[in-house]
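Residue numbering restarts at 1 for every chain, and letters A, B, ... go by the order of the sequence lines. Heavy atoms only: backbone and side chains are in, while hydrogens, waters and symmetry mates are out. All values derive from a computational prediction rather than experimental measurement.
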Amino acid sequence: MPMSLIQPAFRVHIDYDKCHKCGRCVQQCGWSVYTFNGRPFPDDSRCRACHRCVTYCPAHCISIQKNELALRENPNWMPGLRQNIWRQAESGGVMLTGMGNDKPYLSIFDHLVLDACQVTNPSIDPLREPMELRTYLGCKPDRVEVEPNGRGGFRVRPGTGLEKNVRLDTPIMFSPMSYGSVSLNVHKSLAMAAERCGILMNTGEGGLHADLYPYQDNVIVQVASGRFGVNPEYLNRGVAIEIKVGQGAKPGIGGHLPGEKINREVSVTRMIPQGTDAISPAPHHDIYSIEDLKQLIYSLKEASGYKPVGVKIATVHNVAAIASGIVRAGADYVYLDGFKGGTGAAPSIIRDHIGIPIEIAIAAVDTRLRAEGIRNRASIVAAGSIRSSADLAKAIALGADAVAIGSATLMALGCHLCQGCHTGNCSWGLTTQKPELTRRVDPEWGAERLTNLVHAWSHELQEILGALGVNAVESLRGSRERLRAVGLDAQTCEILDVKPAGR
Amino acid sequence: MNTATTKNPIEGHYERGPSVIADSDVTTVECQKIYYRQVNEAVRAAFGAGAKSVRLVGVNGQRYIGTGIKGKDLRIEVHGTPGQDLAMLMDGPTLEVFGNAQDGVGNTMNAGTVIIHGNAGDVLGYGMRGGRVFIKGDVGYRVGIHMKAYEDLRPIMICGGKARDFFGEYMAGGLLVLLGMESALDGPLVGGYLGTGMHGGEIYLRGEVEPWQVGKECGIFAATDEEMAALRPLLAEYCEAVGFDLEAVLAKGFTRLVPISHRPYGKLYTYL
């Protein structure tokens, strides 16, 4: 019998004429592709095409190609489906994977275009004129109350302003990725970059490592069903608290951080023993209703001196009604995670088939909250595959206050989207706890790259706003008149409340 | 009722500061019809002013009593029926309830002692990491869910009555004890799905359970003399706190449940 019916996905080709026989590929590969006997020998079946060896090969003699094995064409039984059946017939297991949905669903962002000014109203050049990106997350008052400031002018009446809001210098946040799923150096890179950019990073459900305490004013601390690392001190360190109900990549299911990733430092930060699985139950067992959610929101506020509390959910069918309930329960922001959002580990069947697109969710939630007259009570954060500043601008035009980026941050740190996060062998040192791999990310280097990315997107957003002829991101927020659809059906346009191009 | 000082009646309560009487280091707070925020503000203010003990009287469903309070030598007395999330995230104090408690007692609690001279509801000790919860009477569903231990933090919960389903679900550490001494509940000592998903800690039950009641992640053993000797001082402390006779408690054999694996789902997956 054959060992496995599954053939390697990639072919590792080494041009031995150029090869220095230095063995760097052997040392760089976290997947143990290479053995060395006078020269490196690749085992194609282990390769995930993460390009670590390619990047570090001094002779540029490695190329990774698709293993193009011809199978008889059958569009119904795509090769991946056949392989999955072989894989499950061999193992009987639930297929686990990492990163976001890799199925070719329609990207609505790619079918939306932005407006610009021509002739009748001037565009603005952001290089020479002020362009405001500052954004405040949290409950906005129903009306502005002012009082004389004693010097002939006016000021906002104390207690009626944005005191309980969290400030973002640009409408971008780093999405929650726990220490445990990513390495401490990744967390440090994110925290340092968040401080430099005036934005926020998010602990995810893995506690806050002591090395991040200096950055606590730029940290959202998350409370999820496993309550890892959660104590009063943790709640008091963050600028805001986030209740994680769901994640776009795995709506409705919990998380298992495998015991082998719970090393000494992760154990200390999560406050759980080394080597045991860290199991986050699927639901919070103290939340079975909107009333229960309200109870948890206010308990966290009570325990933290009334800090802003946000609620993160996966976008599912009734997302608008759910978001309305969340806002009415007292959340200061609603974090919508679309079905293309990433993960450190999720069953592929869940990741690829559950949830709705983030574009639809933003529009549906914004519309619903406006209709109910409660849009000012909470901010909307949109996440789940925000790939560029264009996606950022379109998300804001659809109604989001800010976006959160996760996969993009990992790519900034070297990720090539090989989808092997769940294995703990990340050759780029990101989604692993192996010390020989995690030391590959220098937090200073990481922070610089992340800062560059945020600054670049912010500049691009300013250019977009300038083209639109507005001088503040506030003016684009929910302004769907500045969007047009190209190639979307009438019903989708209606739900998005976006006109087709030409109208 | 003084309507001049009240605003926004909420569910029968008024947003009004309670009457507070500070007497040496015991501060008494009259909680009848006062909204929870003002009650808890009064508790924090009393401790902030140096009180060591706060007595809450006329408590009638106010939530979050003791929530987030930090300090080892502090004491909170609750007379009446406290609301949900009692002692949530509590870190050190001793909180004693002269009455019944509702759901969510000791939610994500860090340290301290909670003593309840009555029954308590569902989801007690959720994610609790340290401290003790002593309940004299019956408890509801999903009690001790996801309790976890860490180094010298070891949460302990002892329930004197009977419990419903999912006792010790997802338990990751600590000690959970069920005695069945006095109960108003019909049916067995404990419901089904006992210790489902358990991957750490230990459960002791006074009496026996049927295998069908127990989650597949648990091993069922009769407690040995050594284990009972280790448990005895804790039980003595519990009996002292709630007024049971230790010898009567120990007169019956105990069952011990421990997880078979610290990695219950290690073989569930195949990697893509």
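- Counting heavy-atom pairs closer than 4.5 Å to chain A, the top residue among B/R63, B/M88, B/H146, B/R129 is B/R129.
- Considering only heavy-atom pairs separated by less than 4.5 Å from chain B, the leading option among A/S225, A/G275, A/S348 is A/S225.
- Ring geometry for B/Y170 against A/H285 counts as tilted: the plane angle lies between 30° and 60°, on a 0 to 90° scale.
- With a threshold of 4.5 angstrom between heavy atoms, B/E169 approaches chain A through side-chain atoms but not through N, CA, C or O.
- When A/Q295, A/Q274, A/H256, A/E302 are compared by the number of non-hydrogen pairs under 4.5 Å with chain B, A/Q295 comes out ahead.
- A perpendicular orientation is assigned to the rings of A/Y298 and B/Y36, their planes being inclined by more than 60° (bins at 30° and 60°).
- In this structure, chain B has heavy atoms under 4.5 Å from both the backbone and the side chain of A/H422.
- Neither the backbone nor the side chain of B/D122 comes within less than 4.5 Å of any heavy atom in chain A.
- Only the side chain of A/Y306 comes within contact range of chain B, with at least one heavy atom under 4.5 Å from a heavy atom of that chain.
- For A/V268, the parts lying under 4.5 angstrom from a heavy atom of chain B are both the backbone and the side chain.
- Looking only at atom types and distance, the side chain of B/T108 has a donor-acceptor partner in the side chain of A/R227 under 3.5 Å away.
- Of the atoms belonging to A/T423, heavy atoms from both backbone and side chain fall under 4.5 Å from chain B.
- In this structure, chain B has no heavy atom under 4.5 Å from any part of A/I6.
- No part of A/N236 comes within reach of chain B, as not one of its non-hydrogen atoms sits under 4.5 angstrom from that chain.
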